[in-house]
Amino acid sequence: MKHSLYIYNTLSRKKEEFVPIHENKVGMDVCGPTVYGDPHLGHARPAITFDILFRYLQHLGYKVRYVRNITDVGHLENDADSGEDKIVKKARLDELEPMEVVQYYTNRYHKAMEALNVLSPSIEPHASGHIMEQIEFTQKILDAGFAYESEGSVYFDVEKYNKKYHYGKLSGRNIEDMLETTRELDGQSEKHRSIDFALWKKASPEHIMHWKAPWSEGFPGWHMECSAMGTKYLGEQFDIHGGGMDLMFPHHECEIAQNRAGLGKDTVKYWMHNNMITIGGQKMGKSLGNFITLEEFFTGNHKLLTQPFSPMTVRFFILQAHYRSTIDFSSTALEASEKGLSRLMEGYARLQKIVASSSSSVETAGLRAKCEEAMCDDLNTPIVISYLFDTLRAINLIHDGKEIISATDLEELQSVFKLFIEDILGLQSETEVSSGNDAYKKAIDLLLNMRLEAKQNKDWATSDKIRNELTALGFEIKDTKDGFEWRAP
RNA sequence: GGUACCUUGGCCGAGUGGCUAGGCACCGGUCUGCAAAACCGAUUACGGCGGUUCGAAUCCGCCAGGUACCUCCA
């Protein structure tokens with residue numbers, strides 16, 4: 001029996017059954033990175049969360065168009081007149097062309113994502129390549145009467161919008177509170193209200209990145225790109241929009257308002273938000289300066305890291321928590337994940353070598369359904385993983401010859417493990433890649449066969465010497481009943 | 001100040017009314033020349049107080065502590 005997928009919709013604050021707008025097709029938009037810095041652990045979370053969703057929707061048989069944008073126009077540093085493109089600022093510091101910075105960090109992002117086994121989205125549009133669409137969208141909002149021009153910039157009229165629609169429906173805020181709690185109005189004289197946000201911003205003279213628009217030489221406001229690009233590639237109504245929880249307000253709230261004002265209808269059916277990764281209980285982020293880049297994880301080159309952590313360990317660590325929970329980073333937590341993952345992957349490798357018997361003494365039939373059920377319950381990957389570990393025990397017992405499994409059950413188990421470990425969770429074995437070529441493998445086998453002989457002759461000195469030397473080089477040697485297993489460093 | 005959320009055993013983390021996920025660590029055992037691995041077993045838990053209920057980690061109230069957003073952030 002096929003389960004229905006339920007996902008948590010931030011709009012309703014409830015798990016809802018996922019029903020696509022168009023049968024068998026899913027449109028999905030996720031906020032991608034701003035490419036002015038190295039990708040860090042925080043970037044890995046939404047990428048992996050929505051990678052899982054992307055993979056699972058496809059597994060369910062949907063044809064998915066996944067749009068993940070690259071923000072390269074930059075956001076305003078602040079709302080004041082001196083607001084400056086982040087990308088421009090960095091470029092000037094580095095004395096690079098803005099697009100050079102964009103290219104550099106985009107490449108770095110892609111490299112990290114590939115290492116994490118995050119699938120490429122269907123379309124990865126750059127904001128800088130969609131200025132026309134953003135200008136047109138802004139014009140639509142102006143035409144609809146929900147924006148005003150002021151000194152070359154265009155602002156969204158939140159109060160007017162709120163009279164007809166509801167500004168704050170996603171984040172649960174109300175406009176009165178926002179007006180009360182926003183104190184500083186200095187330097188914002190262009191705007192009618194402090195809560196109004198820019199759709200188009202006139203560029204100051206020192207601003208390098210700017211484009212021609214009916215109102216001024218300038219650049220789009222920072223919520224505009226999602227409205228313009230999402231609807232361009234997915235239509236005026238599409239299924240899923242995702243991103244980090246910190247984007248809920250103002251970014252996604254403003255996007256909802258822009259789309260409603262410009263198109264006259266709500267665009268997104270399901271809003272999904274992943275929670276943050278914390279470090280010592282605090283959000284890991286740029287402003288706090290407590291983030292660790294993905295490269296630092298992979299190399300171990302950071303004062304908070306006791307060792308390097310492989311991309312798969314990082315991926316597994318993230319999947320061991322539900323995407324809507326905060327997950328607290330620590331080196332010891334990563335170490336625990338690393339060991340768990342390694343045990344899981346070894347068991348998975350063992351599963352391939354198991355020889356079937358005429359019947360089964362272990363019960364494994366329900367695994368597929370249980371895992372599907374967990375995934376359908378708002379992508380509960382930690383539960384899926386716990387089921388895999390439960391089954392791992394049976395696999396090891398069969399491997400040790402203490403239990404038996406029939407050919408039918410074995411085939412099913414292999415199929416389920418492949419489906420969930422590789423296809424859905426996207427975990428891949430890292431040791432096989434690094435094991436090198438055939439000659440190298442044969443050389444190690446040769447050494448270990450010599451050790452086996454020494455053992456048979458009770459020559460413990462030679463036997464231990466080979467094992468100790470190989471261990472010192474980073475190899476893992478395991479004796480089995482009738483031989484050995486080894487793993488490259 | 002406003003809004004939302006969180007507090008689970010040594011650590012990380014599931015779980016939303018009864019059936020006490022899982023991982024890592026630790027302890028005991030089996031196996032082994034020794035070790036590793038694997039397996040078996042044991043131990044440790046739901047922030048505090050009160051309420052609802054036959055029964056609460058799970059629902060309600062209060063208190064304490066913490067986090068996020070309200071400014072760029074995944």
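All chains are named by letter (A, B, ...) in the order of the sequence lines, taking the proteins before the strands, and each is independently numbered beginning at 1. These values consider heavy atoms only, across backbone and side chains, with no hydrogens, waters or symmetry-generated copies.
Atom C1' of B:rC69 sits at a distance of 26 Å from the matching atom of B:rG61, rounded to the whole Å. Nucleotides B:rU32 and B:rG18, compared at atom C1', are 45 Å apart to the nearest Å. With P as the reference atom, B:rG17 and B:rG1 are 34 Å apart, rounded to whole Å. B:rG2 sits 29 Å from B:rU58 when the C1' atoms are compared, rounded to a whole Å.
Nucleotide B:rG9 has no partner under the Watson-Crick or G-U criteria, as no pair reaches both atom distances under 3.5 Å. Base pairing of B:rA68: its partner is B:rU3, meeting the Watson-Crick or G-U wobble criterion (both donor-acceptor distances under 3.5 Å). Pairing for B:rG18 is with B:rC54, a Watson-Crick or G-U wobble pair whose two hydrogen-bonding atom distances lie under 3.5 Å. In this entry B:rG41 has B:rC27 as its Watson-Crick or G-U wobble partner, both defining distances falling under 3.5 Å.
For an aromatic pair to be called close, the ring centres must be under 6.0 Å apart, and A:F329 with A:F297 satisfies this. Here the two rings, on A:H223 and A:F197, have centers that are under 6.0 Å apart.
A salt bridge is defined here as a Lys NZ or Arg NE, NH1 or NH2 lying under 4.0 Å from an Asp or Glu carboxylate O, and A:R451 with A:D479 meets this definition. A salt bridge links A:D464 with A:R467; the closest basic N to acidic carboxylate O contact falls under 4.0 Å. Ion pairing between A:K283 and A:D246 holds under the 4.0 Å rule for side-chain N and carboxylate O.
Annotation: of the two residues near RNA chain B, A:F329 and A:P33, the 5′-most nearest-nucleotide partner is A:F329. Heavy-atom nearest nucleotides on RNA chain B were determined for A:I385 and for A:D246, and the one closer to the 5' end corresponds to A:I385.
A:T332 has no side-chain polar atom (N or O) that falls below the 4.0 Å cut-off from OP1 or OP2 of B:rC12. Distances shorter than 4.0 Å separate some side-chain N or O of A:N380 from OP1 or OP2 on B:rG15.
In this structure, A:L341 places its CG atom 14 Å from C1' of B:rG22, rounding to the nearest Å.
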Counting primed atoms, P, OP1 and OP2 as sugar-phosphate and everything else as base, the B/S/- map of nucleotides 33-43 of chain B against protein heavy atoms under 4.0 Å is BBBBSSSS---

